[in-house]
Protein chains: 2
Amino acid sequence: MTSTRPLRADAARNRQLLLAAAAEEFARHGLDASIADIARRAGVGKGTVFRHFATKDDLLAAIVLDRIDALNTAGERLLHEADAGAALLEFLTIAARQRQQLDLSFLQEAGELNSEVGKVRAQMFHTVNRLVDRARERGAVRADIAGADIILLMCAPNYVASYVPDASPDLWQRYLAIIFDGLRPEGAHPLPHPPPVAEHGA
Amino acid sequence: MTSTRPLRADAARNRQLLLAAAAEEFARHGLDASIADIARRAGVGKGTVFRHFATKDDLLAAIVLDRIDALNTAGERLLHEADAGAALLEFLTIAARQRQQLDLSFLQEAGELNSEVGKVRAQMFHTVNRLVDRARERGAVRADIAGADIILLMCAPNYVASYVPDASPDLWQRYLAIIFDGLRPEGAHPLPHPPPVAEHGA
DNA sequence: TCCAAACATGACCACGCGGTCCGCTTTTGG
DNA sequence: CCAAAAGCGGACCGCGTGGTCATGTTTGGA
């Protein structure tokens, strides 16, 4: 389609600097991170930011895209793991660890970013569904759990842990373990509400 | 101490209007809710807002204070319930329902608001600790759960459910049930991380 | 070596924010 | 019924924001 010629050397370098700086700033200040701060951290003029990313949302989308894609790749790899239950737990662990080093939880409030993001996200949803199906079939998780549940619960451990200001950076592990215990078949009580319908087709 | 004479009739009315409007606006837009919008919703001038609450944070603190206090009252009542496990679940249900009708989750980012808020919050923490201790002694929850865990997990169901834009308003019930199953002794796996230290004494 | 195209820059713009202030209106108590 | 006190409104201020643009600088192929 729009086969763009390769970036000039300095432009490519600045783009990487910007992505790194933006990730850091977004992690620190959420959506309120300012373009000026990002530019400063990258050692670059403010105008340069907008040359690479037309809009603040575009910049955010570029970061989010990388994260979701990496998560999807990890998930697909885990599909071939022998122990389906362990594979699901491992996936959640990877997701939490990723989220710990760069908290993008605020993107909840961010409306549909890019259409590109939507596509990659749909892919990841599909991968998660397959991971969950496999785990459910082997009896590693309770029967009344859907893929959408895991996608939603994925972010909970970090969220919970983030309420403690000066906590150990590994505190999320505790809450992931608790939540995962709630997903196991042993001692499961019936759920009072059906799972949500998937938000994005496929 | 500072025994203030009672508010004038119109002032008292406006104060209530402001609190209601602010709650609604904060719920909708988080901390980014604007004073101007709050004033408009209350049918009041912007100056009036600052007459009642010196600062935006003070306004937020007033709202938060009510919520935490109500929660604490409910918790103290539940301390006298016969079934300690059911009492804890009921507490979490009340907390989630309250949070569902007014999401104040963003106050995570809000630093220490008021000293008043800190006091009431410490009281609530204490109440929760007693609820959890009781439930643990009766074997209703696993032995390795601390009061701080419940305080942290309290907000998780709403958070998780809020990721689905057009979900049923009761979706949180599903995730509260899952998480509570993870708190039960049956099928509990050892936790990989100790509980956090309480952030506020007592 | 040279030059056109690609890129970087930071002053600049319009805007919305939290917060202030003072002239005006409403309430209250005697 | 009336003055004094309390409350109200909204124009106004300074600031930081996302985004633009004209000007100057760097790059890379010929």
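Per chain, numbering begins at 1; letters A, B, ... match sequence-line order.
Ion pair A:Asp181/B:Arg184 not flagged as a salt bridge, since none of the NZ, NE, NH1 or NH2 atoms sits closer than 4.0 Å to an Asp/Glu carboxylate oxygen. Look at A:Asp37 and A:Arg40 and you find a salt bridge, because one of the NZ, NE, NH1 or NH2 atoms lies within 4.0 Å of a carboxylate O, short of that distance. With respect to the salt-bridge test (charged N to carboxylate O, under 4.0 angstrom), the residues B:Asp133 and B:Arg136 qualify.
Within 4.0 Å (heavy atoms only), A:Ala9 reaches sugar-phosphate atoms of the nucleic acid but no base atom. At a threshold of 4.0 angstrom between heavy atoms, the contacts of B:Ala33 are confined to the sugar-phosphate backbone, with no base atom among them.
Between B:Val44 and A:Arg13, the one whose closest nucleotide on DNA chain D sits nearer the 5' end is B:Val44. Residue order along DNA chain D, read from the 5' end via each residue's closest nucleotide, puts B:Arg8 first among B:Arg8 and A:Gly47. Nearest-nucleotide positions on DNA chain C place A:Gly43 closer to the 5' end than the other of A:Gly43 and B:Thr55.
For A:Arg51, the side-chain atoms get nearest to C:dA8 when compared with the rest of D:dG18, C:dC17, C:dA8. Here the side chain of B:Ser34 is nearest to one of D:dC8, D:dT27, C:dC17, namely C:dC17. Listed nucleotides: C:dC7, D:dG7, C:dT9. Nearest to the side chain of B:Leu7: D:dG7.
Applying the 4.0 Å criterion to OP1 and OP2 of D:dC8, one finds that B:His52 has a side-chain N or O inside that range. For A:Thr48 and C:dC7, the shortest distance from a side-chain N or O to OP1 or OP2 is not below 4.0 Å. Phosphate contact (OP1/OP2 of D:dC8, side-chain N/O of B:Asn14, threshold under 4.0 Å): present.
Spacing between atom CD1 of B:Ile38 and atom P of D:dC8 amounts to 16 Å, rounded to whole angstrom units. Look at CG on A:Leu59: it is 12 Å from C1' on D:dG18, rounded to the nearest Å. In this structure, the CD atom of B:Glu25 is 14 Å from the C1' atom of C:dC17, given to the nearest Å. Regarding B:Arg15, its CZ atom lies at a distance of 17 Å from the P atom of D:dA6, rounded to whole Å. Across the protein-nucleic acid pair, B:His29 atom NE2 and C:dC17 atom C1' stand 15 Å apart, rounded to whole Å. Between A:Leu18 atom CG and C:dA8 atom P there is a gap of 9 Å when expressed in whole angstrom units. Going from atom CG of B:Asp10 over to atom P of D:dG7 covers 8 Å, rounded to whole Å. Here D:dT17 presents its C1' atom at 13 Å from CZ of A:Phe26, a figure rounded to the nearest Å.
Listed for the B:Arg138 side chain is no donor-acceptor partner under 3.5 Å among the backbone atoms of B:Ala84.
With hydrogens and angles ignored, a donor-acceptor pair under 3.5 angstrom links the side chain of A:Lys46 to the base of D:dG19.
Donor-acceptor pairing under 3.5 Å is recorded for the side chains of A:Asp149 and B:Tyr175.
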